[in-house]
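Comments concern the structure below.
The chains referred to below are lettered A, B, ... by the order of the sequence lines, with proteins before strands, and numbering in each begins at 1.
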Amino acid sequence: MKWTCSFIFTSRKPPADAETVSQKLMHQAGMIDKLVSGVYSYLPHGLKVLQKVSDIIREEMNKSGAIEILMPALQPASLWKESKRYGKMGKDMIVFKDRHNREMLLGPTHEEVVSDIVRKYVKSWKNLPVMLYQIQTKYRDEIRPRFGIIRSREFLMKDCYSFDRTDLESEQSYFKMKQAYIKIFERCGLAVTIQTADSGVIGGKFSEEFVATGDCAELEIGHIFKLGTDYSEKLHIVYVDKDGNEKPAVMGCYGIGVSRIVAAIIEGNHDEKGIIWPVSVAPFIVTIIPVNMSDSNMVEIANKMYDELQSARIDILLDDREESAGVKFADADLIGIPYRIILGRKLSEGKVEILERKTKKSHDIAIENVKQFLISALKNPA
RNA sequence: CGGGGCGUGGCUCAGCCUGGUUUAGAGCGCCUGGUUCGGGACCAGGAGGUCGGUGGUUCAAAUCCACUCGCCCCGACCA
């Protein structure tokens with residue numbers, strides 16, 4: 001991406017109404033835009049981070065045997081009455097009537113819907129176990145949205161549901177998910193602690209939450225539950241076992257706040273200049289900064305290097321704006337791009353400077369070796 | 001929902017207490033021209049707000065009063 005063709009707007013100052021680091025930096029870096037309290041748009045490179053996090057989650061979910069589906073945000077209230085959870089969510093649930101005067105709601109979670117799907121199709125012990133997941137937008141009319149994206153009223157969540165035949169099998173599913181979660185957070189560069197938690201409205205027998213260890217007190221970024229047969233009994237999710245008897249499926253559910261992960265990563269990876277993205281989720285891996293856009297030779301080399309790295313599938317941002325070097329450096333720091341290639345004073349010697357955002361280590365590299373340097377650096381990122 | 005704070009050009013804010021030289025300011029950003037070109041450059045010129053909204057008090061309201069809308073922070077709840 002070339003900056004002049006992009007839609008990136010940074011600002012020097014954080015918005016006056018932001019308190020939390022991630023909230024300030026996401027605004028300043030131009031990743032998100034607030035529409036109303038607790039509701040945000042993702043701007044291009046904010047979306048890219050969200051997508052990279054989603055991809056990591058998707059990969060690890062698939063590896064653990066979960067199968068991706070996509071369920072609707074719009075749900076009938078009747079299903080929630082059936083599961084006896086209709087009143088439990090209280091005002092967090094956005095309920096309204098459609099034109100036929102039927103009570104509808106915007107899904108704050110999907111146990112009911114996924115259960116409805118499973119009970120329709122799963123009939124035999126041969127169909128189990130199964131784990132279904134989705135990455136989808138949730139709606140919760142939070143009492144108090146806060147900390148920007150960390151607690152919002154509309155947010156992206158990965159939710160997975162396991163259906164097993166026995167408690168032992170369910171334990172195994174739970175364990176698989178727990179391992180997948182550990183892997184996901186590790187790949188996102190997040191340090192987490194796992195603690196047993198109150199199951200709250202979701203209910204069930206046992207739950208553990210994954211809490212990011214950052215500056216911000218919030219997050220909780222993941223929560224896994226052993227649900228037992230509670231939902232199965234209320235919603236009649238049953239299968240016929242080998243012995244010919246109908247039995248309730250044993251359920252588990254596993255959530256990750258995808259948008260919240262993005263904020264948590266920033267909370268744990270930043271300095272006074274801005275965000276320090278781990279390579280795994282950075283909106284761009286490399287930025288090329290020609291310090292003087294009126295130097296046509298420099299611009300030409302920058303463009304060639306951009307093409308070369310682009311074709312090597314390195315996610316790159318060429319800062320081709322007519323701005324001073326200082327502005328470009330400050331923006332690169334703010335946005336948090338892991339590697340910065342500076343075309344400047346050493347260009348006459350055929351060299352460029354490559355600076356690592358995280359370690360602040362600088363390397364003078366011959367132009368022809370840039371691609372190789374980056375490829376090997378990315379294999380083993382700092 | 002309870003408690004606290006705040007709404008003035010795109011952004012950050014001053015002015016409000018002690019209404020009237022304010023034709024409403026500053027910095028940043030933006031536009032034009034020029035000079036710069038390795039850490040948010042400089043010079044010159046320019047565009048842009050009726051002060052969240054409504055009602056009231058007054059000869060006079062951004063400034064006082066009432067109501068209202070919105071935003072942020074603390075608390076109870078959640079990924």
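B:rU63 and B:rU8 have their C1' atoms separated by 11 Å, with the value rounded to a whole Å. Across the P atoms, B:rC6 and B:rU54 are found 22 Å apart, a figure rounded to whole Å. Across the C1' atoms, B:rU35 and B:rC72 are found 44 Å apart, a figure rounded to whole Å. Taking the C1' atom of each, B:rC51 and B:rG3 are spaced 28 Å apart, rounded to whole Å. B:rG49 and B:rA14 are spaced 15 Å apart, taking the C1' atom of each and rounding to whole Å. The P atoms of B:rC30 and B:rC11 are separated by 15 Å, rounded to the nearest whole Å. As rounded to the nearest Å, B:rC28 and B:rG40 have C1' atoms that lie 11 Å from one another. Across the P atoms, B:rU68 and B:rU50 are found 26 Å apart, a figure rounded to whole Å.
Between A:His27 atom NE2 and B:rC11 atom P there is a gap of 11 Å when expressed in whole angstrom units. Remark: P of B:rU12 and CD of A:Gln28 are 11 Å apart, rounded to the nearest angstrom. One atom, CZ of A:Arg153, and another, C1' of B:rG70, lie 11 Å apart when rounded to the nearest Å. As a whole-Å value, the separation of A:Leu106 CG from B:rC78 C1' is 17 Å.
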Item to check | Base-contact (B) and sugar-phosphate-only (S) positions in nucleotides 26-38 of chain B, heavy-atom cut-off under 4.0 Å, - elsewhere | outcome: --SS-------BB

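When the nearest nucleotides of RNA chain B are assigned to A:Ser37 and A:Gly257 by heavy-atom distance, the more 5′-ward of the two goes with A:Ser37. Nearest-nucleotide mapping onto RNA chain B: of A:Ile143 and A:Glu19, the residue sitting toward the 5' end is A:Glu19.
At a threshold of 4.0 angstrom between heavy atoms, the contacts of A:Glu154 with the nucleic acid are absent. When heavy atoms are screened at a 4.0 angstrom cut-off, A:Arg340 is found touching base atoms of the nucleic acid. Residue contacts shown for A:Asp331 include a base, since a base heavy atom lies under 4.0 Å away. In this structure, A:Pro108 reaches neither bases nor backbone, as no heavy-atom distance under 4.0 Å exists between it and the strands shown. Looking at heavy-atom distances under 4.0 Å, A:Ser362 makes no contact with the nucleic acid at all. Residue contacts shown for A:Phe225 are limited to sugar-phosphate atoms, with no base heavy atom under 4.0 Å away. Across all strands shown, A:Val258 has no heavy atoms under 4.0 Å from either base or sugar-phosphate atoms.
Between A:Lys273 and the phosphate of B:rG40, there is no side-chain N or O to OP1/OP2 separation shorter than 4.0 Å.
Salt bridge A:Lys126/A:Asp241: absent, no basic N to carboxylate O contact under 4.0 Å.
The ring of A:Tyr161 has its center no closer than 6.0 angstrom to the ring center of A:His110.
Side-chain contact between A:Tyr239 and A:Asn127 is absent, with no heavy-atom pair separated by less than 4.5 Å. Counting only heavy atoms from C-beta outward, the side chains of A:Leu334 and A:Ile275 never approach each other to under 4.5 Å. By the 4.5 Å heavy-atom criterion applied to side chains, A:Phe163 and A:Ile237 are counted as neighbours. Side chains of A:Val250 and A:Lys226 form no contact here, defined as non-hydrogen atoms less than 4.5 Å apart.
A donor N or O paired with an acceptor N or O is found under 3.5 Å between the base of B:rC77 and the side-chain atoms of A:Arg151. Interface remark: the A:Arg144 side chain does not form any donor-acceptor pair with the B:rG4 base, using a distance-only criterion of under 3.5 Å.
With a 3.5 Å ceiling on both atom-pair distances, B:rC78 lacks any Watson-Crick or G-U wobble partner. Across all strands shown, B:rG9 forms no Watson-Crick or G-U wobble pair with both distances under 3.5 Å. Both distances falling under 3.5 Å, in either a Watson-Crick or a G-U wobble arrangement, place B:rC42 opposite B:rG34.
A cation-pi contact links A:Lys81 to A:Tyr86, judged by a cut-off of 6.0 Å to the six-membered ring centre and 45° from its axis.
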